[in-house]
Amino acid sequence: MRTPMGTDLRTLRARKLESLGTTLLQEGRARRGLRLLERAFELAREAGTPGDRSAGAIGETLARALEELGRSAELEERAGHFYAAGARGAATVRAVARRVLQSTRARQPADMEVLVTALEMKLLEGEARRAALRALSSGCHVGLRDHPERLQALRPLLERLQRLLPGLVFPRLYLGRLLYLRCDLKEAARWLAAVEGPKGRSPGVLSLRGRCAEKLGDLEEALRLYRASLKANEHQPHVHFRAARILLLQGLSARRNAGGRDA
Amino acid sequence: MQAADCDPGPTRLLQEATRHLERAVELAPRSARYAALLGETYLVRGEPEEAVAPLALSYQEDPHPRAAYAVALSLLVCGRPEEAQSWATAALEESQALVRAREVRGWARAACGDAQRAAWDLRAVLGVGAGGTLKEAASWCHAVSPVLPADLETLIATRTRELLAGFKESLEAVVSYQVRDRWAATRKEPGA
């Protein structure tokens with residue numbers, strides 16, 4: 001049922017329960033207060049319509065209360081639901097991020113999104129921050145055979161990460177690969193060229209930059225990059241092949257221009 | 001820096017290409033693409049004997065008519081018409097539309113003294129009806145060849161050179177497509 005203003009009655013009731021629950025918590029009646037907030041969250045979630053942020057807001061109130069009361073196990077248990085309902089406050093994000101970092105299951109782009117949000121909110125420090133960056137480096141990995149759907153989910157995360165930590169190398173590398181796979185070659189070349197340090201001089205990055213240059217029509221640059229890649233690792237048959245193809249083309253056209261003789 | 005370093009001649013470029021391809025085949029001996037390009041590079045560099053093995057290897061891994069045709073042409077160029085015949089037949093089995101393979105087989109048969117079947121192939125290449133002699137077919141070939149040699153042996157050598165020149169052109173076109181043209185659309189500026 002809805003009010004004349006179009007609000008679901010359950011949402012109204014949920015807000016009332018939230019207000020009451022918060023008051024009870026402030027009065028030190030934690031058990032009852034939490035129970036009312038739990039009920040408020042469930043009601044708001046049931047009534048949830050697109051754009052309605054009640055459930056998320058109540059979820060965050062509940063998460064904050066659980067955190068203040070030191071009930072971290074319970075909070076980590078429930079935080080995923082609060083996050084899914086739209087809660088993006090510090091208590092929820094911190095708890096979900098902690099859970100993601102502790103989990104041993106294969107991480108999904110949604111898990112990576114939590115970690116990026118936690119980093120943006122500066123909720124992770126010290127070892128937790130380092131662990132999050134390690135998890136992001138492996139969880140956001142872009143391979144040249146990755147499924148387009150996965151790439152679509154990763155792109156905004158990598159862009160956010162790049163904006164947040166511009167000195168970090170792996171988002172540039174993954175963005176470069178991702179854009180290469182999406183045939184945005186100029187942007188791919190730009191990101192890959194910005195990969196600094198040993199990774200930037202790795203045979204894989206150099207040969208991928210070579211492929212971008214080749215497809216962009218800059219054959220001299222492509223050849224230079226393929227040669228550099230082979231210097232770093234000579235055991236790359238496909239790079240030998242690509243370099244040879246350019247040399248062959250240049251050799252044949254030079255011979256044709258010289259009228260069939262060597263120049 | 002030496003002038004030669006600034007502007008490497010075609011021979012040096014083709015030598016370096018060959019070195020890369022030899023290494024690619026060494027590292028990935030089952031790749032038909034790498035072996036085919038290595039063989040074709042030998043052939044356009046004027047080393048038909050060297051071309052045969054990698055081209056045959058490529059055909060073994062991926063029976064593509066172009067590889068069989070290139071083997072046949074290499075064998076004809078280096079004076080092994082009997083083997084050239086069977087490779088040209090293999091190319092034609094893969095693709096009847098490969099006119100040049102039929103011509104190579106025709107000249108290979110002619111070189112082996114099989115005048116009747118040579119005439120049959122050459123007449124088919126020229127698009128004239130069945131029947132007639134090798135001499136007639138050869139004289140039609142005279143008509144399409146810019147050089148008018150006196151005897152059949154010279155005619156075979158001339159046409160082989162022309163086929164080789166055609167092969168070089170087609171290789172350049174194929175590689176140019178792979179390296180340049182295939183990506184041309186990607187290079188266009190938005191709205192261009």
Side-chain angles (χ1 to χ4, degrees), chain A residues 179-190 203 207-263, chain B residues 3-4 6-46 161 164-165 167-190:
Chain A
L179 291 162
Y180 172 80
L181 291 171
R182 300 185 74 88
C183 285
D184 190 346
L185 299 171
K186 273 189 189 168
E187 279 298 294
R190 191 172 69 81
S207 78
L208 192 58
R209 286 178 62 196
R211 283 202 220 184
C212 290
E214 182 181 328
K215 290 172 186 179
L216 286 166
D218 189 350
L219 298 190
E220 285 298 337
E221 175 68 355
L223 193 55
R224 186 188 71 75
L225 288 162
Y226 289 147
R227 280 173 174 152
S229 172
L230 288 169
K231 202 171 169 186
N233 176 14
E234 195 268 338
H235 292 78
Q236 299 181 88
H238 62 288
V239 183
H240 280 291
F241 176 73
R242 286 176 177 276
R245 225 165 36 175
I246 294 176
L247 287 160
L248 185 59
L249 186 61
Q250 290 177 336
L252 289 174
S253 73
R255 193 154 72 176
R256 185 166 34 75
N257 293 339
R261 300 178 311 277
D262 201 344
Chain B
C6 299
D7 183 19
T11 307
R12 270 186 54 189
L13 290 166
L14 294 177
Q15 268 170 359
E16 196 186 339
T18 312
R19 273 200 304 277
H20 279 298
L21 287 167
E22 282 169 344
R23 191 69 186 120
V25 171
E26 225 173 275
L27 293 167
R30 302 210 58 177
S31 166
R33 279 175 88 197
Y34 303 167
L37 195 62
L38 174 61
E40 294 187 14
T41 305
Y42 278 132
L43 186 55
V44 298
R45 280 184 57 190
R161 270 199 304 278
L164 193 55
F167 186 82
K168 283 174 193 171
E169 271 175 34
S170 81
L171 178 61
E172 192 180 344
V174 166
V175 177
S176 176
Y177 171 75
Q178 289 173 352
V179 174
R180 285 192 183 126
D181 310 336
R182 190 163 37 159
W183 302 104
T186 327
R187 297 200 285 268
K188 278 182 193 156
E189 294 294 333

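Keep in mind the model is a prediction, meaning the values are calculated, not measured. So that the names make sense, note that chain A is the first sequence line, chain B the second, and so on, each numbered from 1.
- The two residues B:L14 and A:G251 have their closest heavy-atom pair at CD2-CA, 4.0 Å.
- A salt bridge is absent between A:R255 and B:E172: the closest approach of a Lys/Arg side-chain nitrogen to an acidic carboxylate oxygen does not fall below 4.0 angstrom.
- Residues A:A244 and B:L21 approach most closely at CB-CG, 3.4 Å, considering heavy atoms.
- Heavy atoms closer than 4.5 Å to chain A are found nowhere in B:R19, neither backbone nor side chain.
- A:L247 approaches B:A17 most closely through the heavy-atom pair CB-CB, 3.7 Å.
- With a 4.5 Å cut-off on non-hydrogen atoms, A:R211 does not touch chain B at all.
- Between A:P237 and B:Y34, the closest heavy-atom pair is CB-CE1, 3.6 Å.
- With a 4.5 Å cut-off on side-chain heavy atoms, B:E40 and A:L248 do not count as touching.
- Counting heavy atoms from C-beta outward, A:R245 and B:R33 have side chains that approach closer than 4.5 Å.
- Contacts of B:V25 with chain A are absent, with no heavy-atom separation under 4.5 Å from either backbone or side chain.
- Here the closest non-hydrogen pair linking B:L13 and A:A254 is CD1-CB, 4.4 Å.
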Could you go through the side chain to side chain contact (heavy atoms under 4.5 Å, CB included) check for B:E16 and A:Q250 one step at a time? CA-CA 11 Å; B:E16 196 186 339; A:Q250 290 177 336; over 6 Å; no
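- With values rounded to the nearest 0.5 angstrom, A:R242 atom CZ is found 14.0 Å from B:H20 atom NE2.
- If you take OG1 on B:T41 and CG on A:L252, they are separated by 7.5 Å, rounding to the nearest 0.5 Å.
- For the side-chain hydrogen bond (donor to acceptor under 3.5 Å, both in side chains) criterion with B:R23, the lone passing option out of A:Q236, A:E234, A:H240 is A:E234.
- By number of non-hydrogen pairs under 4.5 angstrom with chain A, the leading residue of B:L27, B:L171, B:V175 is B:L27.
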